[in-house]
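Please read the structure below before turning to the comments.
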Amino acid sequence: MNLGSRKSRLRLAVAATVAAIAGVAVTAGTAIAASVPAPINLTSSACPADISYGQISGCVTELQQLLNKNGAHIGVDGDFGPATLAAVKNYQSGHGLSVDGIVGPATKASLEGGGTPPPPTHGRSTNYDFARLVLSDGGWAQSSNNITTMVQWMASEEPPSNWFDRNNPLNNGLGSGGGAGLGAYPNLVVAAHFVAANLNGGPADYGHITADLRASASPAVTEKAIWSSPWAASHYGWGSGFYRGHVPTVAAPARDW
């Protein structure tokens with residue numbers, strides 16, 4: 001074999017080796033990408049009630065993608081690390097949420113729903129208006145039965161005279177900051193949004209309540225679903241502490257809207 005042939009064969013061997021190494025690199029890159037957990041909707045039952053620092057899952061992948069859609073610039077790897085924690089706190093701060101870095105029901109609902117609702121329009125002032133907002137945001141009919149149920153529920157939590165102080169249900173009113181008793185929402189419109197969001201996707205079983213609201217069931221029927229739910233059973237003494245009868249119409253201070 002002459003020198004030229006040997007050089008040619010050597011060049012071919014080197015090229016093959018480089019190609020093989022490149023192929024390994026591409027394969028390795030694909031394997032790394034494939035190792036990122038597939039995204040899971042935050043309000044799915046597959047996700048824990050609270051997504052927090054240190055967790056690695058498809059729920060975190062979804063969280064990171066949603067944070068990036070809302071202005072964050074973090075890697076999407078399904079790992080809830082320092083950068084994700086900082087992005088969560090920044091999002092919470094800008095959306096009237098408790099800034100704790102924990103992605104609970106309120107933060108989930110806000111992220112999945114694309115942020116807080118628009119500011120209030122003319123004509124929103126009373127507890128009955130608030131009830132209609134909750135029903136509208138939850139996708140339930142603003143029927144007489146549903147409105148009565150909602151204002152009675154609110155009156156079971158706070159006297160009608162100052163319903164706007166916390167304006168429950170679900171300890172999720174203006175002065176509650178998302179159900180944990182900390183902080184406050186910026187206005188009643190945002191509070192109503194998260195009352196509905198928690199009913200639709202909260203950690204407890206509210207399915208019987210929302211089913212009755214969808215059916216515009218009588219207040220007596222929906223009331224039972226409310227006070228027998230895991231969240232409220234003891235709170236309402238199995239119905240003995242639930243407000244019944246006509247609820248007066250009371251306006252909230254304009255600043256709260």
Side-chain angles (χ1 to χ4, degrees), residues 92 95-100 104-106 109-110 116-138 140 142-200 202 204 206 209-210 212-213 219-220 222-257:
Q92 289 172 327
H95 289 78
L97 300 163
S98 296
V99 184
D100 55 10
S110 177
T116 55
T121 60
H122 179 71
R124 294 175 181 168
S125 61
T126 73
N127 45 340
Y128 283 82
D129 295 327
F130 183 80
R132 291 185 182 94
L133 279 176
V134 173
L135 294 169
S136 175
D137 286 342
W140 307 300
Q142 296 182 47
S143 62
S144 176
N145 277 348
N146 283 351
I147 292 170
T148 298
T149 294
M150 199 59 62
V151 295
Q152 286 180 342
W153 191 355
M154 291 156 59
S156 299
E157 294 287 347
E158 290 287 331
S161 60
N162 62 318
W163 65 269
F164 44 84
D165 181 43
R166 288 181 66 87
N167 51 309
N168 289 276
L170 299 182
N171 281 331
N172 205 356
L174 181 64
S176 69
L182 303 172
Y185 289 126
N187 56 57
L188 289 167
V189 179
V190 175
H193 173 79
F194 287 113
V195 170
N198 274 4
L199 277 171
N200 273 323
Y206 303 131
I209 301 174
T210 55
D212 287 344
L213 291 172
T222 312
E223 170 204 320
K224 184 175 181 180
I226 291 168
W227 53 252
S228 63
S229 68
W231 175 81
S234 61
H235 187 63
Y236 298 123
W238 300 102
S240 62
F242 203 84
Y243 190 102
R244 298 179 179 89
H246 176 70
V247 179
T249 301
V250 180
R255 67 177 180 274
D256 288 343
W257 290 100

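Sequence positions, counted from 1, serve as the residue numbers for this chain.
Rounded to the nearest 0.5 angstrom, S143 OG and L213 CG are separated by 8.5 Å. Here the CE atom belonging to M150 is positioned 9.0 Å from the OG1 atom belonging to T222, to the nearest 0.5 angstrom. Rounding to the nearest 0.5 angstrom, the gap separating the CD atom in E157 from the CD atom in Q152 is 13.5 Å. Separating the CG atom in N145 from the CG atom in D212 is a distance of 10.5 Å, to the nearest 0.5 Å. Within the model, atoms CD1 of I209 and CH2 of W153 stand 4.0 Å from one another, a figure rounded to the nearest 0.5 Å. Atom CG of L188 and atom CG of D129 lie 10.0 Å apart (nearest 0.5 Å).
The side-chain heavy atoms of P160 and Y243, taken from C-beta on, include a pair separated by under 4.5 Å.
Side-chain N or O atoms of S136 include none that pairs as donor or acceptor with a backbone N or O of R132 at under 3.5 Å. Judged by distance alone, with hydrogens and angles left aside, the side-chain atoms of W163 form no donor-acceptor pair with the main-chain N or O of M154 at under 3.5 Å.
Take D100 and apply the side chain to side chain contact (heavy atoms under 4.5 Å, CB included) test, not counting sequence neighbours, and it matches Q92, S98, I102. Not counting sequence neighbours, the partners of T249 by the side chain to side chain contact (heavy atoms under 4.5 Å, CB included) test are T126, N127, Y128.
Nearest approach of A196 to W140, heavy atoms of both residues: O-CH2, 4.1 Å. A pairwise comparison of heavy atoms in N200 and G138 identifies ND2-O, 3.3 Å as the closest pair.
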